[in-house]
Trainee: 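Just passing along the structure, written as structure tokens.
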Amino acid sequence: MAMRWTKNFIFTLRQEPADAEVISHRLMMRAGLISKVAAGIYNYLPLGWRSIEKLENIIREEMENAGSAELLMPAVQPSELWKESGRWFQYGPELLRLKDRHERDFCVGPTHEEVITDIVRRSVTSYRQLPVSLYQIQNKFRDEIRPRFGLMRGREFIMKDAYTFHATSDCLDEAYRAMEAAYRRIFSRCGLGFTQVEADTGNIGGSDSHEFMVLADTGEDAIISCASCGYGANVEKAESGAPPEAPAWPQDIPDTPQEVETPEMRSIEEVSQFLKISPQHLIKTLIFETDDGPVAALIRGDLEVNEVKLKNKVGCTFLELASEERILEVSGCPQGFSGPVGMENVRIFADSSVMALKVAATGANKTDAHLVGVVPGRDFTPAEVCDLRLAQPGDTCPRCSTVMGEARGIEVGHVFKLGTKYSEAMKCNFLDDEGRESPMTMGCYGLGVGRTVAAAIEQNHDEKGIIWPLPLAPYEVDLILLNSDKPDVVEAAEKLYGEMKDAGIDVLFDDRPERPGVKFNDMDLIGFPVRVVVGKRGLDKGEVEISLRRDGERRTAPLGDVINAVKSLLDEVR
RNA sequence: CGGGGCGUAGCUCAGUCUGGUAGAGCGCACGGUUCGGGACCGUGAGGCCGGAGGUUCAAGUCCUCUCGCCCCGACCA
């Protein structure tokens, strides 16, 4: 594909756009790749769209390779399907709902489990027809609370979503592994540094789940990982090895907990200093509000509760710290003095670190008082003991006990084993070889297209602009006509452009009558991987200049050999 | 939804406190000089000062309401 700049629609910005925070957003705006229509809603301008399409085509190749067939589902979906799965009621304002002229309810699809399940259940009835693997590349809409960072967190965004249907979980495992492999190939082909981590399944539901994270300091997700065995997980999900044991209890262990006055001592720090007890001997009691009623979570004083883990344990979709009034209602005292002893009207979830304590101190459920000498199991029994810890860098690895580190990442892909959540709710059943009917086992696989392009820019730029990895560059080659007022230079450049076109080179011909500086700056800003400069200076010697965006080193090639030189340079960066 | 901030030329922003003729730089158009890293000189076009209401002789500026956008937080593939 070849194009002239003057026939294209490219407007670079000299000044930083006022509302762009992160580098990829700034550069995409400045380079004229995207423009904003409304909060979280963007135009993909010709240059940006070319990069998007290049990525889409890589995705298509790898999806087909993984045995998935492309289709396209509607953006607007009837509420009936969502009511069948139950998500019409579970989803909050993030789901953009609308009514048609007959007052019928619809939504703009944030994802397509319902529609795809409907498609498959209509046609597939036998194990002989399974497995099924389908994907689409489509615009989604999620009415994010706070869209930001350009394409990184838009409300409307392009996503590749794939869905697989199986007769057995073994078969799902196989498809899941194939998808993981396809994702790794896709991101590798884009030249991205990424990592695959264990993830929480969120509102989509399901069991196994992995996220593909492009490593970048601006990433919105925190990842905990082990350099030694390769274990990695989103902090939302991350397990960590047993925390260091608490030091020896400095006092006698009484037969019953002793109440101690602790006036105005609410925080772990205050209480531990006041009582001269290490934070590791305190039990922190947090009251949460959920759609399933209030619950209490217990964690050792030096650790933090992971709300996602708690949410999963409780089995609720809504969870947040309870209000002051609610705490008063549940524990009979203001915030800061709650404790598990004698707390009976709520379900209590205890982190295993709490139960590992031989003896501890905790709130007395009484204003300005704590209990010292509380023995877990003797003085209180939680409804459930589980892992509620928020993993932190420095924790030990749950697999191999090495100390884990933290990194930030941009979530560009997320694969889930859905199991039968949707097939059961929507009666997407099949008959097995013994004539028994059962719901299909499903997997779903998302990949953020715009986000991946943005992530590529986060990873590949310098102070001048983007440094495109070749596969995502809007054009691979920028051919610059330097002296548009010199007929012989124009003629040479035009001739070269024709040759490149004929040779099938992916080139943009900067034929604008602009000053050299303007052209050079635009070429750096947009970041074409290979640049070919035709100017009077070189032409007098019968040469043109060729350089790479990534190192800037200037090479020359005789006029007759430019095509070959460009081709071999392209191979070099490929 | 809570907290903070901003809406003035295509873009980036002054002017708002203290009411009195609508500004700058960049971009754009035209002429000239320039021409290998965002040139220079001259001329010019371009504004319902986000919108509605109010106060006032007079509102970009003060008051009320509204809409939009950005940042922090809670939420999320």
Side-chain angles (χ1 to χ4, degrees), chain A residues 11-22 25-26 29-30 32 35-41 90-95 109-113 138 140-150 152-162 199-206 209-213 220-221 234 236 288-289 307-308 311 317-321 323 410-416 444-452 464-465 480-486 489 512-525 531 533-540 544-545 547 552 554:
Chain A
F11 294 92
T12 57
L13 269 34
R14 289 202 183 197
Q15 262 154 322
E16 293 289 350
D19 53 8
E21 272 273 296
V22 298
H25 188 195
R26 286 215 308 264
M29 297 282 285
R30 278 242 290 144
S35 64
K36 190 173 75 177
V37 182
I41 301 178
Q90 281 169 21
Y91 253 84
E94 184 183 300
L95 182 65
T111 173
H112 282 68
E113 282 80 12
Q138 196 214 29
K140 305 278 188 239
F141 195 94
R142 291 182 194 172
D143 203 350
E144 291 284 344
I145 294 171
R146 187 142 94 86
R148 57 187 135 176
F149 303 154
M152 214 103 100
R153 176 167 296 271
R155 297 195 301 171
E156 183 176 304
F157 57 99
I158 304 172
M159 179 171 165
K160 186 284 305 177
D161 46 326
D200 182 68
T201 51
N203 271 348
I204 302 264
S209 174
H210 288 89
E211 284 171 340
F212 290 80
M213 297 281 195
E220 290 189 88
D221 292 277
N234 195 312
E236 286 179 356
F288 286 91
E289 195 69 67
E307 294 190 16
V308 175
K311 203 170 171 179
T317 50
F318 168 85
L319 181 141
E320 71 177 24
L321 278 169
S323 63
I410 300 164
E411 181 193 343
V412 289
H414 199 159
V415 296
F416 303 78
C444 84
Y445 318 86
L447 193 159
V449 176
R451 195 182 267 191
T452 300
K464 288 177 173 171
I480 294 187
L481 162 62
L482 256 205
N483 317 99
S484 55
D485 55 335
K486 304 248 179 346
V489 183
R512 294 175 296 170
E514 282 289 349
R515 303 172 59 79
V518 172
K519 296 191 171 195
F520 289 142
N521 279 301
D522 277 342
M523 116 190 145
D524 288 341
L525 174 61
R531 303 89 69 87
V533 178
V534 186
K536 177 147 192 357
R537 196 192 280 174
L539 214 55
D540 287 343
V544 300
E545 237 168 61
S547 64
R554 290 182 191 175

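Here is the naming used below: chain letters follow the sequence lines, and residue numbers restart at 1 for every chain.
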Trainee: Determine the interatomic distance between P on B/rG42 and the same-named atom on B/rG27; round to the nearest Å.
Mentor: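 Going atom to atom, P in each nucleotide, I get 15 Å.
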
Trainee: Calculate the interatomic distance between A/D522 atom CG and B/rG36 atom C1'; express it in whole Å.
Mentor: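 Checked: the CG to C1' distance equals 15 Å.
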
Trainee: Confirm from the modelled atom types if A/E545 and B/rG36 form a donor-acceptor pair under 3.5 Å, side chain to base only.
Mentor: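 Answer is yes: a donor-acceptor pair is held.
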
Trainee: Who are the ring-ring contact (aromatic ring centres under 6.0 Å, His included) partners of A/H210, not counting sequence neighbours?
Mentor: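 Residues passing ring-ring contact (aromatic ring centres under 6.0 Å, His included) with A/H210: A/Y176.
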
Trainee: Would you check if A/V449 and A/M159 make a side-chain contact, meaning some heavy-atom pair closer than 4.5 Å?
Mentor: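 A side-chain contact under 4.5 Å is absent here.
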
Trainee: Below 3.5 Å is the cut-off: list the nitrogen or oxygen pairs between protein and nucleotides 7-13 of chain B, distance only.
Mentor:
unit_1, atom_1, unit_2, atom_2, d
B/rC11, O2, A/Q15, OE1, 3.2
B/rU12, OP1, A/A18, N, 3.1

Trainee: Given the C1' atoms of B/rG46 and B/rU64, what is the spacing between them in whole Å?
Mentor: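 After rounding to an integer number of Å, I get 33 Å for this pair.
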
Trainee: Without decimals, in angstroms, what is the distance between A/H25 NE2 and B/rC71 C1'?
Mentor: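 It works out to 13 Å between those atoms.
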
Trainee: Atom pairs, N/O to N/O, protein against nucleotides 3-6 of chain B, distance under 3.5 Å?
Mentor:
none

Trainee: For B/rU66 and B/rC71, measure between their C1' atoms and round to the nearest Å.
Mentor: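 Comparing C1' positions in B/rU66 and B/rC71 gives a spacing of 22 Å.
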
Trainee: Using the C1' atom in both, what is the distance from B/rA45 to B/rC26, to the nearest Å?
Mentor: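 About 16 Å, rounded to a whole number of Å.
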
Trainee: Partner lookup for B/rA58, please. Criteria are Watson-Crick or G-U wobble with both distances under 3.5 angstrom; report none if nothing qualifies.
Mentor: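 Paired with B/rA58, as far as the under-3.5 Å criterion goes, is no nucleotide at all.
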
Trainee: Would a distance-only check, ignoring hydrogens and angles, find a side-chain to backbone donor-acceptor pair under 3.5 Å from A/T12 to A/D522?
Mentor: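 Absent.
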
Trainee: Can you tell me the base-pairing partner of B/rC17? Count Watson-Crick or G-U wobble geometry only, both distances below 3.5 Å, and say none if there is no partner.
Mentor: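 The base-pairing partner of B/rC17, which may sit in any strand shown, does not exist here.
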
Trainee: Report the residues that fulfil side-chain hydrogen bond (donor to acceptor under 3.5 Å, both in side chains) with A/D485, sequence neighbours left out, ordered by chain and then residue number.
Mentor: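 Residues passing side-chain hydrogen bond (donor to acceptor under 3.5 Å, both in side chains) with A/D485: none at all.
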
Trainee: Side chain of A/T12 only, please: which of B/rG38, B/rG36, B/rC70 is the nearest?
Mentor: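 Nearest to the side chain of A/T12 among the choices is B/rG38.
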
Trainee: Mind checking what makes side-chain hydrogen bond (donor to acceptor under 3.5 Å, both in side chains) contact with A/R451, not counting sequence neighbours?
Mentor: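 Partners of A/R451 under the side-chain hydrogen bond (donor to acceptor under 3.5 Å, both in side chains) test: none.
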
Trainee: Starting from P on B/rC76, measure out to CD on A/E236 and report it in whole angstrom.
Mentor: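 Taking CD of A/E236 and P of B/rC76, I get 7 Å after rounding.
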
Trainee: If I take atom CD1 in residue A/I41 and atom C1' in nucleotide B/rG68, what distance separates them, rounded to the nearest angstrom?
Mentor: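 Whole-Å distance recorded here is 13 Å.
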
Trainee: Taking the minimum atom-to-atom distance to the side chain of A/M159, which one of B/rG37, B/rC70, B/rA77 wins?
Mentor: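 That would be B/rA77.
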
Trainee: Students often get this wrong, so: under 4.0 angstrom with heavy atoms, is A/D161 touching a base, only sugar-phosphate, or nothing?
Mentor: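 Counting heavy atoms under 4.0 Å across all strands, no contact is made by A/D161.
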
Trainee: In this structure, how many angstroms lie between the P atom of B/rC75 and the CD atom of A/E220, rounded?
Mentor: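 Answer to the nearest Å: 13 Å.
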
Trainee: Considering residues at least two apart in sequence or located in another chain, which fulfil the salt bridge (charged side-chain N to carboxylate O under 4.0 Å, His left out) criterion with A/D19?
Mentor: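 Result, salt bridge (charged side-chain N to carboxylate O under 4.0 Å, His left out) vs A/D19: A/K36.
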
Trainee: Students often get this wrong, so: under 4.0 angstrom with heavy atoms, is A/E21 touching a base, only sugar-phosphate, or nothing?
Mentor: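 Touches sugar-phosphate only.
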
Trainee: What is the base-pairing partner of B/rG73, counting Watson-Crick and G-U wobble geometry with both distances under 3.5 Å?
Mentor: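 Result: B/rC1.
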
Trainee: Using whole Å, what does the distance between atom P of nucleotide B/rC76 and atom CD of A/E411 come to?
Mentor: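 Between P of B/rC76 and CD of A/E411: 12 Å.
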
Trainee: With both distances under 3.5 Å as the test, what is the Watson-Crick or G-U wobble partner of B/rC48?
Mentor: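 None - no nucleotide pairs with B/rC48, as no candidate has both distances under 3.5 Å.
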
Trainee: Just jot down the side-chain hydrogen bond (donor to acceptor under 3.5 Å, both in side chains) partners of A/S547, sequence neighbours excluded, or say none.
Mentor: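 Scan of A/S547 (side-chain hydrogen bond (donor to acceptor under 3.5 Å, both in side chains), adjacent residues dropped) gives A/R531.
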
Trainee: C1' atom, B/rU18 versus B/rA59: distance in rounded Å?
Mentor: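 Result for the C1' pair: 14 Å, nearest Å.
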
Trainee: Please compare A/R554 and A/E211 by the position of their nearest nucleotide in RNA chain B and report the one closer to 5'.
Mentor: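 Its nearest nucleotide lies further toward 5', so the answer is A/R554.
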
Trainee: Nearest of B/rC76, B/rC71, B/rG37 to any side-chain atom of A/R148?
Mentor: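 It is B/rC71.
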
Trainee: Touch check for A/R155, heavy atoms < 4.0 angstrom, all strands: base, sugar-phosphate only, or nothing?
Mentor: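 Contact class for A/R155: none.
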
Trainee: Not counting sequence neighbours, which residues clear salt bridge (charged side-chain N to carboxylate O under 4.0 Å, His left out) with A/K519? List them please.
Mentor: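 So A/K519 forms a salt bridge (charged side-chain N to carboxylate O under 4.0 Å, His left out) with A/D510.
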
Trainee: Let me know the distance between CG of A/L321 and C1' of B/rG73, rounded to the nearest Å.
Mentor: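 Nearest whole value for this atom pair: 13 Å.
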
Trainee: Is a side-chain donor or acceptor of A/N483 paired with a backbone partner of A/K536 at a separation under 3.5 angstrom?
Mentor: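 Checking the backbone N and O of A/K536 against the side chain of A/N483, a donor-acceptor pair under 3.5 Å is found.
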
Trainee: At a cut-off of 3.5 Å, list every protein nitrogen or oxygen paired with a nitrogen or oxygen from nucleotides 39-41 of chain B, distance to 0.1 Å.
Mentor:
unit_1, atom_1, unit_2, atom_2, d
B/rA39, OP2, A/R515, NE, 3.2
B/rA39, N7, A/R515, NH1, 3.3

Trainee: Atom CG of A/L95 and atom P of B/rA77: how far apart are they, to the nearest Å?
Mentor: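 Going from CG in A/L95 over to P in B/rA77 covers 14 Å.
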
Trainee: Using distance alone, with no hydrogens and no angle criterion, decide if A/E211 and A/S209 have a side-chain donor and acceptor under 3.5 Å apart.
Mentor: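 Result is no, nothing qualifies.
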
Trainee: Taking the side chain of A/R146 as heavy atoms from C-beta outward, which of B/rA77, B/rG38, B/rC71 is closest to it?
Mentor: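 Ranking B/rA77, B/rG38, B/rC71 by closest atom to the A/R146 side chain puts B/rC71 first.
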
Trainee: Considering only atom C1', compute the distance from B/rC48 to B/rA22 and round it to an integer number of Å.
Mentor: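 My reading of the C1' atoms in B/rC48 and B/rA22 gives 13 Å.
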
Trainee: Quick one: side chain to side chain contact (heavy atoms under 4.5 Å, CB included) partners of A/P147, sequence neighbours excluded?
Mentor: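 If we apply the side chain to side chain contact (heavy atoms under 4.5 Å, CB included) test to A/P147, skipping adjacent residues, the hits are A/A39, A/E144, A/R155.
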
Trainee: Using Watson-Crick or G-U wobble geometry with both distances under 3.5 Å, which nucleotide pairs with B/rG25?
Mentor: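 Pairing partner: B/rC11.
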
Trainee: Write down the partner of B/rG38 under the Watson-Crick or G-U wobble criteria, each distance required to be under 3.5 Å.
Mentor: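 B/rG38 is unpaired by these criteria.
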
Trainee: When rounded to the nearest 0.5 angstrom, what is the spacing between CG in A/D161 and NE2 in A/H414?
Mentor: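 Answer for the CG-NE2 pair, A/D161 versus A/H414, is 14.0 Å.
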
Trainee: Would the distance check show the side chain of A/K160 and the main-chain N or O of A/G413 forming a donor-acceptor pair, the cut-off being under 3.5 Å?
Mentor: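 The answer is no, because no donor-acceptor pair under 3.5 Å joins these two groups.
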
Trainee: When you get a sec, tell me which of B/rG37, B/rC72, B/rC76 is the closest nucleotide to the side chain of A/K311?
Mentor: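 Selected nucleotide: B/rC76.
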
Trainee: Can you list the residues that meet the salt bridge (charged side-chain N to carboxylate O under 4.0 Å, His left out) rule with A/E307, with sequence neighbours excluded?
Mentor: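 Not a single residue meets the salt bridge (charged side-chain N to carboxylate O under 4.0 Å, His left out) criterion with A/E307.
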
Trainee: Looking at A/R153 and B/rC76, is any side-chain donor or acceptor paired with a base atom of the opposite kind under 3.5 Å?
Mentor: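 Pair found.
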
Trainee: Reckon A/G92 touches a base, only the sugar-phosphate, or nothing at all at heavy-atom distances under 4.0 Å?
Mentor: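 Here A/G92 touches no strand at all.
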
Trainee: With sequence neighbours left out, write down each residue that passes side chain to side chain contact (heavy atoms under 4.5 Å, CB included) with A/E16, or none if nothing qualifies.
Mentor: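 A/E16 satisfies side chain to side chain contact (heavy atoms under 4.5 Å, CB included) with A/R26, A/R30 only.
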
Trainee: Please tell me which of A/V308 and A/R537 maps to the more 5' nucleotide of RNA chain B, matching each residue to the nucleotide holding its nearest heavy atom.
Mentor: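 Result: A/R537.
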
Trainee: Between B/rG60 and B/rU8, how far is it from one P atom to the other, in whole Å?
Mentor: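 Rounded to whole Å, the distance is 15 Å.
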
Trainee: Distance between the P atoms of B/rC40 and B/rC17, in whole angstroms?
Mentor: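 Per the computed distance, 36 Å lies between those P atoms.
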
Trainee: Within the 4.0 Å heavy-atom criterion, would you say A/K36 contacts the bases, only the backbone, or no part of the nucleic acid?
Mentor: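 Sugar-phosphate contact only - A/K36 comes under 4.0 Å of backbone atoms but never of a base.
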
Trainee: Mind checking if A/G448 touches a base, just sugar-phosphate, or nothing, with heavy atoms under 4.0 Å?
Mentor: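 If one applies the 4.0 Å heavy-atom cut-off, A/G448 turns out to touch nothing in the nucleic acid.
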
Trainee: What's A/E307 touching, base or sugar-phosphate or nothing? Going by heavy atoms closer than 4.0 Å.
Mentor: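 Sugar-phosphate: the residue A/E307, judged by heavy atoms under 4.0 Å, touches backbone atoms but no base.
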
